[in-house]
Engineer: 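First the structure, which I've put down as structure tokens, then a few questions once you've had a look.
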Number of protein chains: 2
Amino acid sequence: MNIQLEVGSMEHMSDKKRAIFKSTMELVRENGFHGTPMSMVAKHAGVAAGTIYHYFESKEHLLRELFNYAQQQAVAVVERESSATIPFKECFFKLWTGLYTFYRDNQDMLRFFEQFVNSPYHTTMPPLAEDKFYTLLFAFFERGIREGELKEVSPKILATLTHSSIISMAKMTASGRLHFDRKELQQIQQLLWDGIALGR
Amino acid sequence: MNIQLEVGSMEHMSDKKRAIFKSTMELVRENGFHGTPMSMVAKHAGVAAGTIYHYFESKEHLLRELFNYAQQQAVAVVERESSATIPFKECFFKLWTGLYTFYRDNQDMLRFFEQFVNSPYHTTMPPLAEDKFYTLLFAFFERGIREGELKEVSPKILATLTHSSIISMAKMTASGRLHFDRKELQQIQQLLWDGIALGR
DNA sequence: TACCTCCAATTGAATGTTCATTCGGTTTAC
DNA sequence: GTAAACCGAATGAACATTCAATTGGAGGTA
């Protein structure tokens, strides 16, 4: 009953805990949120069922923590790509590409993310203000408006539109329904930019 | 063991069947895909558990059929709003508004939809070609390109971008995180249009 | 109208399975 | 030596599904 405390940064996370996270993501991707019993997670992660309960209070807690973990990685991408020292337009393209690549290359995470966000676990939603990911995104688009690069539209709208375009493209790619080459990806970004940018 | 056959159009659907669909959507919205036992659906719909199995082979079949049912309604909206007799640009705005309104006013359905689409039920995905909803959308954007109104970008990309913007806005509204007034909705549509339209 | 027949529609208690969680005991690390 | 990490069989609850029994109503018959 002595649950391992969540540490802020993930570097010093126990190997077992990391394995449990990884397995959960993979299995949830394949079998869904349901269809993924704890016993299966345990076997796949190479630990005993009881061990999971050493680290996580319950299945629900495991899923919640995994979501936080995943979200932190997405936040890290935004922080990495949205440096204030380069021109906004360039930064917008960098951010779009960075997030798209991140989701495309972490399809387990993307799938888990989408399932979680649309599930009732996430329904008792944290107020937007506390959502670091969106807070960062808002700030980024606020900068664009402030610098006169973007239309005067609510940054929330700009952030949501941009992010949904990234997610939907990554999902398309992930599902194998469509594949985009470099040229098409640039087209998509350009198209979005044309929509949100202030005409010169 | 004599499962009631699915009828093509939904007008002559048994009342019970409709009630089961409705209850399932509401309950899945509140409790999720899991967390919604058949017994709960039965009670909420005012039928006995056994009755559900008169209409549906299994829980999975119930969910699949509900998804088809929901999708048909979305298809109906697209068909209604995308008449070829009015100018493309106007039609684009009509379609955006129509779908947005539909999702906003059918939040149970929207939530169910999103959960289903991201679940493994839907993973054995129908090839895109058989997806009537997207087929219609593609055709719509193909028309826009043919008529010289849109940039020469794959209609699949245009369709996906547009639809994801609609969904994400409807979800925002549904979750109560953001509310859009008429002016903002027009801004959003205009912004998208600016992105995809061929500059005069 | 009254009565019968037959089958689909409906019921809900019973069944068997699956699964989250527990806990007494063992191993590991320091 | 001891406390944390770990194990995995055992427990009990929740759940999808079944099925034997009941109802309802559409036709037929006299």
Side-chain angles (χ1 to χ4, degrees), chain A residues 1-7 10-67 112 115-116 119-121, chain B residues 1-7 10 12-28 30-67 112 115-116 119-121:
Chain A
M1 201 46 46
N2 213 352
I3 306 296
Q4 174 85 357
L5 281 188
E6 167 106 354
V7 284
M10 291 292 162
E11 301 98 55
H12 17 78
M13 186 174 29
S14 125
D15 283 348
K16 300 257 155 138
K17 194 166 174 178
R18 201 190 310 279
I20 293 168
F21 273 162
K22 189 152 179 293
S23 295
T24 305
M25 271 196 305
E26 289 179 25
L27 292 170
V28 165
R29 180 198 179 179
E30 279 166 34
N31 313 313
F33 227 43
H34 29 297
T36 304
M38 293 298 253
S39 55
M40 194 187 281
V41 173
K43 186 190 283 187
H44 191 276
V47 303
T51 302
I52 300 183
Y53 288 86
H54 179 70
Y55 291 102
F56 305 98
E57 206 171 311
S58 67
K59 186 175 186 180
E60 176 167 341
H61 277 78
L62 163 58
L63 295 171
R64 282 189 193 285
E65 286 194 30
L66 176 50
F67 177 72
F112 173 79
Q115 288 206 43
F116 190 89
S119 81
Y121 290 115
Chain B
M1 202 45 46
N2 212 349
I3 306 296
Q4 176 84 358
L5 282 187
E6 168 110 352
V7 282
M10 290 291 162
H12 17 77
M13 186 175 27
S14 123
D15 283 350
K16 300 258 154 130
K17 194 164 173 180
R18 200 189 312 278
I20 292 167
F21 273 162
K22 190 154 178 289
S23 294
T24 305
M25 270 194 307
E26 290 180 24
L27 292 170
V28 165
E30 279 167 34
N31 313 313
F33 229 43
H34 28 296
T36 304
M38 293 299 252
S39 56
M40 194 187 281
V41 173
K43 188 190 282 189
H44 190 276
V47 303
T51 302
I52 300 182
Y53 288 86
H54 179 70
Y55 291 102
F56 305 97
E57 209 170 310
S58 67
K59 187 176 186 180
E60 176 167 342
H61 276 78
L62 163 58
L63 295 171
R64 281 191 193 284
E65 286 195 30
L66 177 50
F67 177 72
F112 173 80
Q115 288 207 42
F116 189 90
S119 81
Y121 289 116

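Residue numbering restarts at 1 for every chain, and letters A, B, ... go by the order of the sequence lines.
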Engineer: Aromatic ring centroids of B:F67 and B:Y121 under 6.0 Å?
Structural biologist: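 No, the ring centres sit 6.0 Å or more apart.
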Engineer: Could you give the CD1-to-C1' distance, from A:I52 to C:dC23, as a whole number of Å?
Structural biologist: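 After rounding, the gap between these two atoms is 16 Å.
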Engineer: Please report, rounded to the nearest Å, how far the C1' atom of C:dA9 is from the CD1 atom of B:I20.
Structural biologist: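 So the CD1-C1' distance, B:I20 to C:dA9, works out to 11 Å.
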Engineer: D:dA16 P sits how many Å from B:F56 CZ, rounded?
Structural biologist: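 Rounded to whole Å, this separation is 15 Å.
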Engineer: Quickly work out the A:D15 CG to D:dA4 P distance and round it to whole Å.
Structural biologist: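 From A:D15 CG to D:dA4 P: 20 Å.
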Engineer: Roughly, in whole Å, what's the span from NZ in B:K59 to P in D:dT17?
Structural biologist: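 Checked: the NZ to P distance equals 8 Å.
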Engineer: Tell me the interatomic distance from B:M38, atom CE, to D:dT18, atom P, rounded to whole angstroms.
Structural biologist: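 It is 10 Å, rounded to the nearest whole Å.
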Engineer: Does a nitrogen or oxygen in the side chain of A:T51 sit under 4.0 Å from OP1 or OP2 of D:dC7?
Structural biologist: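 Indeed, a polar side-chain atom of A:T51 lies that close.
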Engineer: Say whether A:H61 and A:S58, considering side chains only, have a donor N or O and an acceptor N or O under 3.5 Å apart.
Structural biologist: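 Present: a donor and an acceptor within the cut-off.
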Engineer: Which nucleotide wins on minimum distance to the side chain of A:P37, given the candidates D:dC7, C:dA20, D:dT17?
Structural biologist: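 The nucleotide sitting nearest to the side chain is C:dA20.
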Engineer: Listed by chain and number, what are the salt bridge (Lys or Arg N to Asp or Glu O under 4.0 Å) partners of B:K22, not counting sequence neighbours?
Structural biologist: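 Here the qualifying residues are B:E26.
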Engineer: Whole angstroms only, please: what is the OH-P distance between B:Y55 and D:dT17?
Structural biologist: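 Rounded to whole Å, this separation is 18 Å.
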Engineer: From C:dT21, D:dG8, C:dT11, pick the nucleotide closest to the side chain of A:Y53?
Structural biologist: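 Selected nucleotide (nearest to the side chain): C:dT21.
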Engineer: Both A:G50 and A:T36 contact DNA chain C. Taking the nearest nucleotide for each, which residue is further toward the 5' end?
Structural biologist: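 That would be A:T36.
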Engineer: Rounded to the nearest Å, what distance is computed from the NZ atom of residue A:K16 to the C1' atom of nucleotide D:dA4?
Structural biologist: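 The answer, rounded to whole Å, is 13 Å.
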Engineer: Identify the two heavy atoms, one from A:L27 and one from A:V41, that lie closest to each other, and give their separation to 0.1 Å.
Structural biologist: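 Here A:L27 and A:V41 meet closest at CD1-CA, 3.7 Å.
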Engineer: Is there a side-chain polar atom (N or O) of A:H54 under 4.0 Å from OP1 or OP2 of D:dC6?
Structural biologist: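 Checking A:H54 against D:dC6: no side-chain N or O falls below 4.0 Å of OP1 or OP2.
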